[in-house]
Amino acid sequence: MSTLLRIEQLTKYFAHQDKAAVSQLNMQVEQGEILALLGPSGCGKTTTLRMIAGFEQPDAGDILIQQQSILGLSTQQRKIGMVFQDYALFPHWNLQDNLIYAMKHISRADRVKKAEYWLELVGLGGLGKRMPQELSGGQQQRVALARTLAAEPKLVLLDEPFSNLDAALRESTRDEVRRLLKANGATAILVTHDQAEALSFADHIGVMQNGKLEQLGTPEDIYLRPQTAFVAEFLGHTNLIFATAKNGIAQTALGPIALNQPVEGQVTLSLRPEQLCLQAQPDAPGVVINREFRGHDYFYLIEQQGMLFKVITTQQERYELNQRVQVSTCYQAVIVQK
Ligand code: ADP
Ligand code: MG
């Protein structure tokens with residue numbers, strides 16, 4: 001695989017703000033890869049995309065496509081496609097004309113045929129004469145993506161493209177869009193604040209906080225091996241435990257726990273709720289404070305020795321409120337302290 005996009009030390013300050021919106025960001029995206037930029041609102045995701053697309057100029061750093069800096073190029077010269085939250089189809093043009101608009105690079109005679117090809121690909125074959133407002137939100141977003149892909153961009157940028165869709169439609173549209181991007185070998189960056197969306201959509205995830213990249217890795221890396229407390233907590237529930245480590249073993253309130261790194265001294269550990277186990281015992285030190293039935297599992301809050309632990313069990317393992325239980329670990333703990 002070859003690298004399509006490389007970002008080096010990218011930095012952006014806005015007027016009247018003392019903190020950088022994006023600060024010394026480094027990352028790269030391989031040809032054909034989908035990268036998700038994940039982080040809370042205001043962490044600099046959109047600003048990063050806008051600099052890549054050429055809508056904002058960085059204050060420092062560089063953006064390269066296939067080894068060439070694109071900072072001197074106009075938005076159009078960069079050949080980057082963007083899909084936004086609000087579909088942005090031309091409301092007074094039918095679907096066919098919306099698509100044809102993106103096809104200036106192919107001969108006039110082929111455009112109508114090609115528009116139909118794209119509509120079929122997004123499951124809307126034969127609907128070229130429909131107006132955008134005659135479609136559901138999910139359908140409009142698929143046309144918007146088709147229009148972006150029809151321009152044959154080198155890179156597709158998607159800024160929270162599913163957030164205006166209701167929950168059921170969001171999942172199916174997301175799967176459909178991912179399938180389309182992959183079928184076309186497209187390289188894409190998805191911006192989202194939704195961790196489930198990032199985990200299921202992307203090949204790699206970059207987690208951002210305060211304009212900085214906290215960690216870049218596969219979805220499994222980010223979820224199972226978070227490198228900072230922020231990443232551990234942003235990707236779903238976790239238990240952060242402070243402990244002293246020696247020879248790869250941490251002494252904790254839950255007893256000795258094996259670690260994923262051979263470290264010494266003070267450490268912060270992350271244990272996901274599904275990595276803890278419960279055992280009912282009349283004289284156990286823990287007590288069930290809360291129980292939530294979530295269909296495919298139970299989510300418990302357990303108080304043990306003055307600490308609160310989140311524990312997920314199977315739907316077969318039901319404990320009652322105030323029941324005495326022992327919390328223990330069934331996996332290695334991950335060190336998140338840096
Ligand atoms: P995200 O997309 O992650 O929610 P943004 O990139 O939109 O975050 O914003 C990052 C930071 O930059 C925020 O503090 C935001 O208020 C600020 N910001 C974004 N755009 C502008 C702008 N045009 N002028 C001033 N500040 C801005
Ligand atoms: Mg944004």
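Just follow the structure's listing: the first ligand is 1, and inside any ligand the first atom is 1. Basis for what follows: all heavy atoms, side chains included, without hydrogens, waters or symmetry-related copies.
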Next item on the list: Would you mind listing which atoms of ligand 1 come within a distance below 4.0 Å of any non-hydrogen atom of A21?
Entry: 11 (C), 12 (O)
Check: Is any N or O atom of T47, backbone or side chain, closer than 3.5 Å to an N or O atom of ligand 1?
Finding: yes
Next item on the list: Just do the salt bridge (Lys or Arg N to Asp or Glu O under 4.0 Å) check on K113 and E116 with the steps written out, would you?
Entry: CA-CA 5 Å; K113 217 164 68 200; E116 183 52 32; over 6 Å; no
Checklist line | Ion pair D203/R178, N-O distance below 4.0 Å | finding: yes
Notebook entry, point to check: Is it true that some N/O/S atom of T46, main chain or side chain, lies under 2.8 Å from the Mg ion (ligand 2)?
Noted result: yes
Notebook entry, point to check: Should one rank G211, A15, G44 by closest heavy-atom distance to atom 8 (O) of ligand 1, which comes out on top?
Noted result: G44
Item checked: Basic-acidic side-chain contact under 4.0 Å: R225, D221 -> yes
Next item on the list: Check whether any N or O atom of C43, backbone or side chain, sits under 3.5 Å from an N or O atom of ligand 1, and answer yes or no.
Entry: yes
Notebook entry, point to check: Between V336 and L269, is any pair of side-chain heavy atoms under 4.5 Å apart?
Noted result: no
Check: Does a side-chain heavy-atom distance below 4.5 Å link Q279 with V325?
Finding: no
Next item on the list: Among all protein heavy atoms, pick the one closest to atom 19 (C) of ligand 1 and tell me residue, atom and distance.
Entry: F14 CE1, 3.4 Å
Check: What residue and heavy atom of the protein are closest to atom 13 (C) of ligand 1, and at what distance?
Finding: G42 O, 3.8 Å
Notebook entry, point to check: Relative to ligand 1, is R50 under 4.0 angstrom through side chain, backbone, both or neither, heavy atoms considered?
Noted result: neither
Next item on the list: Report yes or no: does G39 have a heavy atom closer than 4.0 Å to ligand 1?
Entry: no
Check: Does the side chain of Q315 come under 3.5 Å of the side chain of H296 through a donor N or O and an acceptor N or O?
Finding: no
Check: Do F201 and F162 make the cut of ring centroids closer than 6.0 angstrom?
Finding: yes
Note to self: Minimum distance, heavy atoms only, to atom 2 (O) of ligand 1: which one of T46, L38, D159 is it?
What the structure shows: T46
